[in-house]
Trainee: 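Sharing a structure, written as structure tokens. Questions coming.
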Amino acid sequence: MRRTTRATRVTRAAVATALAAALGLTTLGVTNATTAEARTSTPGALVTDGCLQSVPEPGETEPVDICWTLFQPAGATPERPVPLVFQSHGWGGSRWTESGQALRFTRHGYGVLSFDQRGFGESGGHAHVENPDLEGHDVRALVKLVSELPWVIQDRKGDPRIGAIGGSYGGGYQFLMAFEEIRATGRQVVDALVPQITWHDLEESLAPEGVVRTEWALALSAGSLPSDALPPNVYKALVEGAATGTWPDGSVPGTEDMVTFMEKNGPKWQVAQGARLDVPVLIGQGTTDTLFPLEQALTNWKVALTREARKRSIFTAYNGGHALPAVLPAGVSVSSDPCAEKLSGGDFTDLTLAFLDRALKGAKKKVRGYGRFHVATPESGCVTTRSIKRRLELPVGTVATTAAAGGPIAFEVAEGPLTVAGGSHLTALATTIGADARAFYGLAIGTSPADATLVQNNVLPFRAALPLVGEEVRIELPAVGVEVPEGQSLFLLASPISDTFVGMSSRTPGVVLLEDTVLHTAGRLG
């Protein structure tokens, strides 16, 4: 079993006494075998490091250490308790350990608990990618730890006043923690979430239509190597998928079954069990994100939150995220967060603090835009809309592309002015020639087909395992935010290849023909 030995490890009893003194406790519950030590006192916060013991790895008996750093803001006492914010890292990262990293939150009157997720940093075990049976126990143990801190507001016994922040893998733990507390207690223990650039359905993110996002499968594998984070079979499966072009499902003898492994790993599974979150959520997603595209967050908004929760929540999208250069087909290179500036007058952390003040402290609303979608455009504008329903239908006609080889082709859809904010899909009659035919589609803008570029770097695959002849199909397109000005047009870009899905094109040369094609989009003319 992979474990980390800390040079500063002291006995459980001695550390419990030190933590109790540091945090102003008369007694300290150690039912999770918590170890900790007060490390640093600064004008901004008292910093304490520790580890607790969580469930063993599958097939093993020894508990796994989950290590954390706690930041207690100045002035937080049992007489003047404060809310606490959880924070955790992205894939391959580690927790905050320095007071300066949490300073904007502690100065704002929040305690912060940052932790190394299973398989990363100083924590033990392997990363099972937010599995309820493993990482679910980890986050519940951390919530229990916080429920024993007298300087944190407690809404009831075992129910601390808590929010959560973090991006990517650090967004995945937030949904897991909130859903697992509901499952374990029957209550909404987590009071507010701020997930950034994270997923709804991990399998769909990594391999839409079973077509592997090659660059990201390899990048995630590489990111796990320094800490030996991934179980060996998962590492093997990611490499296998990148090499073969097909997501491993165990159907071929000797291959791994990633479908089963990732069945529970995300909000999709929790929602399928009937769970919904009834707390405020500030979503921040990347419009140019090619790993967890915008539609992943839109789906979380639509199905993971109750109707009442959406009224108290905010959806924002910025230019950024897990972004790789879009060369073929050509996209844009822009990094900006105009919607956070529009809503809060500052950056995303400013927006987060204003949102948490409302959700955790009951403060007056400092920002507008609750219950709405705010999506960045490539020109660093911010489109705000109340609805992302795909009410606009635009005929495209015949869309033909070669398979396996060739260049992108742009097909004009509509002249500007035109605004699109949200998801889109195509309906068409499809005919394909060739084995396992694949093509990639996305929305583009330009003055002509010759200069049309992807709106925000993303394409999604269409795949026909067997030849089709005039069959009705629905093809999902990447969600975007764009304002097409007068003098330019919206295009549908069709390509036989994509650098995000490098090596994932059709298995044999052929053709993908779409007839009577219609674009269904969340947009408006004029």
Side-chain angles (χ1 to χ4, degrees), residues 86 88-92 117-120 126-140 164-184 190 193-213 216-217 219-220 223-224 229-231 234 237-238 241 247-249 256-277 279 281-286 289-306 309 313 315 321-322 423 460 476 479:
F86 277 79
S88 194
H89 54 81
W91 187 262
Q117 300 199 54
R118 180 178 290 245
F120 295 105
H126 288 291
H128 296 264
V129 202
E130 312 299 6
N131 188 297
D133 300 326
L134 295 158
E135 284 91 350
H137 281 272
D138 302 343
V139 290
R140 283 172 51 205
I165 60 173
S168 191
Y169 204 56
Y173 90 86
Q174 297 183 49
F175 282 110
L176 176 66
M177 182 168 67
F179 278 121
E180 279 297 285
E181 284 296 331
I182 294 172
R183 186 189 63 79
V190 180
L193 303 179
V194 187
Q196 294 188 67
I197 54 174
T198 196
W199 70 90
H200 172 74
D201 178 353
L202 194 56
E203 183 184 343
E204 178 66 19
S205 297
L206 289 171
E209 297 295 314
V211 182
V212 178
R213 294 186 193 271
W216 285 116
L220 292 172
S224 72
L230 276 173
V234 181
L238 287 173
W247 193 237
D249 60 6
E256 301 299 329
D257 182 0
M258 287 295 279
V259 174
T260 300
F261 177 83
M262 292 189 172
E263 179 184 8
K264 296 182 178 181
N265 295 36
K268 179 183 178 180
W269 181 82
Q270 302 279 3
V271 169
Q273 311 313 302
R276 298 291 187 280
L277 299 181
V279 298
V281 179
L282 168 60
I283 290 178
Q285 200 76 358
D289 196 308
T290 55
L291 174 59
F292 302 138
L294 187 56
E295 56 266 21
Q296 291 287 313
L298 291 171
T299 303
N300 277 332
W301 175 276
K302 288 184 290 186
V303 305
L305 308 185
T306 66
S313 301
F315 187 104
H322 305 88
L460 281 175
E476 288 294 324

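Because the structure is a prediction, the values reported are computed rather than measured.
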Trainee: Is a side-chain donor or acceptor of Arg140 paired with a backbone partner of Met177 at a separation under 3.5 angstrom?
Mentor: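 Checking the backbone N and O of Met177 against the side chain of Arg140, no donor-acceptor pair under 3.5 Å is found.
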Trainee: Quick one: ring pair (Phe, Tyr, Trp, His ring centres under 6.0 Å) partners of Phe86, sequence neighbours excluded?
Mentor: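 Phe86 satisfies ring pair (Phe, Tyr, Trp, His ring centres under 6.0 Å) with no other residue.
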Trainee: Under the rule for salt bridge (charged side-chain N to carboxylate O under 4.0 Å, His left out), what residues qualify as partners of Asp249, not counting sequence neighbours?
Mentor: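 Not a single residue meets the salt bridge (charged side-chain N to carboxylate O under 4.0 Å, His left out) criterion with Asp249.
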Trainee: Quick check: does any side chain N or O of Asp201 sit under 3.5 Å from a backbone N or O of Gln296, one acting as donor and the other as acceptor?
Mentor: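 Here the side-chain-to-backbone pair does not exist.
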Trainee: Atom CG of Leu294 and atom CG of Asp289: how far apart are they, to the nearest 0.5 Å?
Mentor: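 The distance works out to 9.0 Å.
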Trainee: About how many Å separate CG of Leu277 and OG of Ser313, when rounded to the nearest 0.5 Å?
Mentor: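 One gets 9.0 Å once the value is rounded to the nearest 0.5 Å.
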Trainee: My understanding is that only residues two or more places apart in sequence, or in another chain, count here; which of them pass side-chain hydrogen bond (donor to acceptor under 3.5 Å, both in side chains) with Trp216?
Mentor: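 Per chain and number, Trp216 pairs via side-chain hydrogen bond (donor to acceptor under 3.5 Å, both in side chains) with Thr290.
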Trainee: Quick one: closest heavy-atom pair of Arg213 and Pro293, and the distance?
Mentor: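 Taking Arg213 first and Pro293 second, the nearest heavy atoms are NH2-CG, 3.5 Å.
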Trainee: Working to the nearest 0.5 angstrom, can you tell me the gap between Phe315 CZ and Leu298 CG?
Mentor: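 Here the rounded value is 4.0 Å.
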Trainee: Any idea which heavy atoms bring Asn131 and Asp133 closest together, and the distance?
Mentor: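 Answer, listing the atom of Asn131 first, then Asp133: OD1-N, 2.7 Å.
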Trainee: Once you measure the plane-to-plane angle for Phe292 and Trp199, does it fall in the parallel (<30°), tilted (30-60°) or perpendicular (>60°) bin?
Mentor: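 Ring orientation of Phe292 relative to Trp199: tilted.
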Trainee: Which heavy atom of Glu203 sits nearest to which heavy atom of Val259, and what is that distance?
Mentor: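 Here Glu203 and Val259 meet closest at OE2-CG2, 3.6 Å.
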Trainee: Can you tell which of His200, Glu263, Met262 makes a side-chain contact (heavy atoms from CB on, under 4.5 Å) with Lys268?
Mentor: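 Testing Lys268 for a side-chain contact (heavy atoms from CB on, under 4.5 Å) against His200, Glu263, Met262 leaves exactly one candidate, His200.
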Trainee: Under 4.5 Å between any side-chain heavy atoms of Leu291 and Leu206, yes or no?
Mentor: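 Leu291 vs Leu206: side chains touch.
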Trainee: For the pair Thr198 (side chain) and Ser168 (backbone), establish whether a donor and an acceptor sit closer than 3.5 Å, ignoring hydrogens and angles.
Mentor: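 Answer holds: yes.
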Trainee: Could you tell me the separation between the CD atom of Glu204 and the CD atom of Glu476, rounded to the nearest 0.5 Å?
Mentor: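 Spacing of CD (Glu204) from CD (Glu476) equals 8.5 Å.
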Trainee: Just how far is it from atom CZ of Arg118 to atom CG of Asp138, taken to the nearest 0.5 Å?
Mentor: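 Output value for this atom pair is 4.0 Å.
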Trainee: Going from CG on Leu176 to CD on Glu135, what distance comes out if it is rounded to the nearest 0.5 angstrom?
Mentor: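 CD of Glu135 is found 7.0 Å from CG of Leu176.
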Trainee: Just jot down the side-chain hydrogen bond (donor to acceptor under 3.5 Å, both in side chains) partners of Asn265, sequence neighbours excluded, or say none.
Mentor: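 With neighbours one apart ignored, the set is empty.
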Trainee: Can you name the residues that form a side-chain hydrogen bond (donor to acceptor under 3.5 Å, both in side chains) with Gln270, not counting sequence neighbours?
Mentor: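 Expected list: none.
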Trainee: Between Ser88 and Gln117, which heavy-atom pair has the shortest distance, and what is it?
Mentor: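 Where Ser88 meets Gln117 most closely, the heavy atoms are OG-CG, 3.1 Å.
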Trainee: Side chain of Gln285, backbone of Ile197: donor and acceptor closer than 3.5 Å?
Mentor: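 It does hold such a pair.
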Trainee: Please enumerate all residues that pass side-chain hydrogen bond (donor to acceptor under 3.5 Å, both in side chains) together with Thr299, with sequence neighbours excluded.
Mentor: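 So Thr299 forms no side-chain hydrogen bond (donor to acceptor under 3.5 Å, both in side chains) with any residue.
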Trainee: For Trp269, is there any backbone N or O sitting under 3.5 Å from a side-chain donor or acceptor partner on Gln273?
Mentor: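 Such a contact is found between Gln273 side chain and Trp269 backbone.
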Trainee: Is it true that a side-chain atom of Glu130 and a backbone atom of Gly266 form a donor plus acceptor pair closer than 3.5 Å?
Mentor: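 Such a contact is absent between Glu130 side chain and Gly266 backbone.
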Trainee: Measure up the His126 and His128 rings against each other and bin them: parallel (under 30°), tilted (30 to 60°), perpendicular (over 60°).
Mentor: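 Ring orientation of His126 relative to His128: perpendicular.
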Trainee: Taking all heavy atoms of Phe179 and all of Val271, pick out the closest pair and write down the distance.
Mentor: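 Closest heavy-atom pair between Phe179 and Val271: CZ-CG2, 4.3 Å.
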Trainee: Taking the six-membered ring for Trp, are Phe120 and Trp91 closer than 6.0 Å centroid to centroid?
Mentor: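 Between Trp91 and Phe120, which both carry aromatic rings, the centre distance is below 6.0 Å.
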